[in-house]
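Throughout, a chain's letter reflects where its sequence line sits, starting with A, and its residues are numbered from 1.
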Amino acid sequence: MSNFKSLPGFREFYPEDFAERRFLFQVWRQVARRFGFQEYDGPVLESLELFKAKSGDEIESQLFCFEDKGGREISLRPELTPTLGRMVAARANALKRPVKWFSVGDNFRYERMQKGRLRCFTQLNADILGEAGPSAEIELLALLVQIFQGFGLGEDDFFIRLSDRNIWVLYLEAQGFAAQSAKILEIVDKWERMPEEAAKENLESIVGDSAVQVWESLRAFLEVRTIAELSKAFQKVPVNSKLHEALEARIRDWTELLDGLDAMGIGGYIEMDLSIVRGLAYYTGFVFEVFDRAKKNRALAGGGRYNSLIQKMGGPEMPAVGFGLGDVVLADILRGRGLMPRLVDTLDAYLVVGGEEERVAALFDANVLRQSGFAVDYSLRSQAFGKQFKAASASGARFAFIYGSDELEKGVVKVRNLSDRSEEEVPRAQLPLVLRDLLG
RNA sequence: GUGGCUAUAGCUCAGUUGGUUAGAGCACCGGUUUGUGGUACCGGGGGUCGCGGGUUCGAAUCCCGUUAGCCACCCCA
């Protein structure tokens, strides 16, 4: 065995593995186009600054970054959104709105691997830019659901946890902690993972004596599952008139969003769950994550609204919402459910060649057939008929063309249907036409 | 970055209290088969037993180290 191994977290795709990938990407592209999204891509390698600008300096430890020969600090992209932001910012005023774009590309993160997480993975990114209202979220979430449905997954398999950073800020503001909201949301983010005592201590260091009271209010908010419960939660905190207006507006957004998702027929996939807050740095409104119902896997996808990124990239004010969907967890789940088809490249015809003299005719016809667009193969070596038929079956070809001395004397080849074993003689010149008919 | 478990053929795994040339099934190649294919029979190739060191007359087996993988934590854009 070779001493050269692929790098940790980087995969090799043998043909049967690659077939799985192609299947995933096919569905992604098909469904995205169905929704009117256009495909784009950006550079895999970017300046380190681009990613730091969006996510802060700490991110460097999780990047594949290095100095190039020109002394530039660069990094393989850990995500596509900064690149998208720059691309859209550069042409923002010339782009028809809404901008509905998607991309399928490799991303790189220097992290310890575990189930569902590698160092190089492929992500579908879909974004809608230029629309501030919930109609963009409705469209995007509908796309997300149809993609999973496209793989045969349904309501019993996955669901979307839907949350809202705006409503959290309003809630904390009402309690007088607007300035501390980022830190408090960090506690919310770790609510299920962090031991209660540690979380309470942490909270105390942020809000001081009000810790007990705030803790209870967080707990109550996390139990909210409906708009009615949401309104009720706000009745227990002091809401001044200015806040009241913002709150009313936000509740109208929520209503529009949920009604729209119902209208799309995907209400059954949505669960209001304010424990989702996600990457605190740049999300500005609704955020969401997709999980399998069994919750045995990492999030299948995640995203949300990021209304200030385009400006940050030097563009005009431009609202945006998007999601990323990785190939690793998705493939795990599809395999687990038996929903990963074994796609193999199949041939239209396999040429069975009698001997060296017949080979001349076979090579000639193979070339003609291939130029006509058919997938055709034959044995590179002179082999017994039985051997060649075995190879023909294994290749998945639908037909075998038999080049025997008897046939060629008559100017025909025998066309054998490999599934029903029927045979007919066809003049060589007519092979492309006949094959086209046979394949339907 | 931290911790636990694992490592024998391309894959799934056997391998006795340490014992002589490390096995099986599947897969692959060849044959039975220059005129008919998923079955059958026969044969073949393929291993530094993850790597390095130690104990021993002798190590896949015991000990130490190391690397990689898996799982969880941290993180998760």
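Among the atoms of the strands shown, only primed sugar atoms or phosphate atoms (P, OP1, OP2) are found under 4.0 Å from some heavy atom of A:Ala384. Across all strands, A:Gln62 comes closer than 4.0 Å to base atoms (heavy-atom distances). Using a 4.0 Å heavy-atom criterion, one finds that A:Ser405 contacts the bases of the nucleic acid, with or without backbone contacts as well.
Note on A:Arg161 versus A:Glu271: no salt bridge recorded, every NZ/NE/NH1/NH2 to OD/OE distance being 4.0 Å or above. Salt bridge status for A:Arg219 with A:Glu223: present, with a side-chain N to carboxylate O gap under 4.0 Å.
An OP1 or OP2 oxygen of B:A77 is reached within less than 4.0 angstrom by a side-chain nitrogen or oxygen of A:Arg278. For B:G30, one of the phosphate oxygens OP1 or OP2 lies less than 4.0 angstrom from a side-chain nitrogen or oxygen of A:Arg381. An OP1 or OP2 oxygen of B:U33 is reached within less than 4.0 angstrom by no side-chain nitrogen or oxygen of A:Lys390.
For A:Lys414 and B:U36, a side-chain-to-base donor-acceptor distance below 3.5 Å is present, hydrogens and geometry of angles not being considered. Side-chain to base pairing of A:Glu407 with B:G35: one donor and one acceptor N or O lie within less than 3.5 Å of each other. For A:Arg112 and B:C71, a side-chain-to-base donor-acceptor distance below 3.5 Å is absent, hydrogens and geometry of angles not being considered.
For the C1' atom pair drawn from B:U12 and B:C28, the interatomic distance equals 16 Å after rounding to whole Å. Between B:A77 and B:G4, the distance separating the two P atoms is 29 Å to the nearest Å. Rounded to whole Å, the C1' atom of B:C62 lies 24 Å from the corresponding atom of B:G69.
Here the options are A:Phe151, A:Phe102, A:Phe23, the test is side-chain contact (heavy atoms from CB on, under 4.5 Å), and the partner is A:Trp28; only A:Phe151 passes.
With sequence neighbours left out, A:Ala132 forms a side chain to side chain contact (heavy atoms under 4.5 Å, CB included) with A:Pro319.
An aromatic stack links A:Phe385 and the base of B:G35, using centre distance under 5.5 Å and interplanar angle under 30°.
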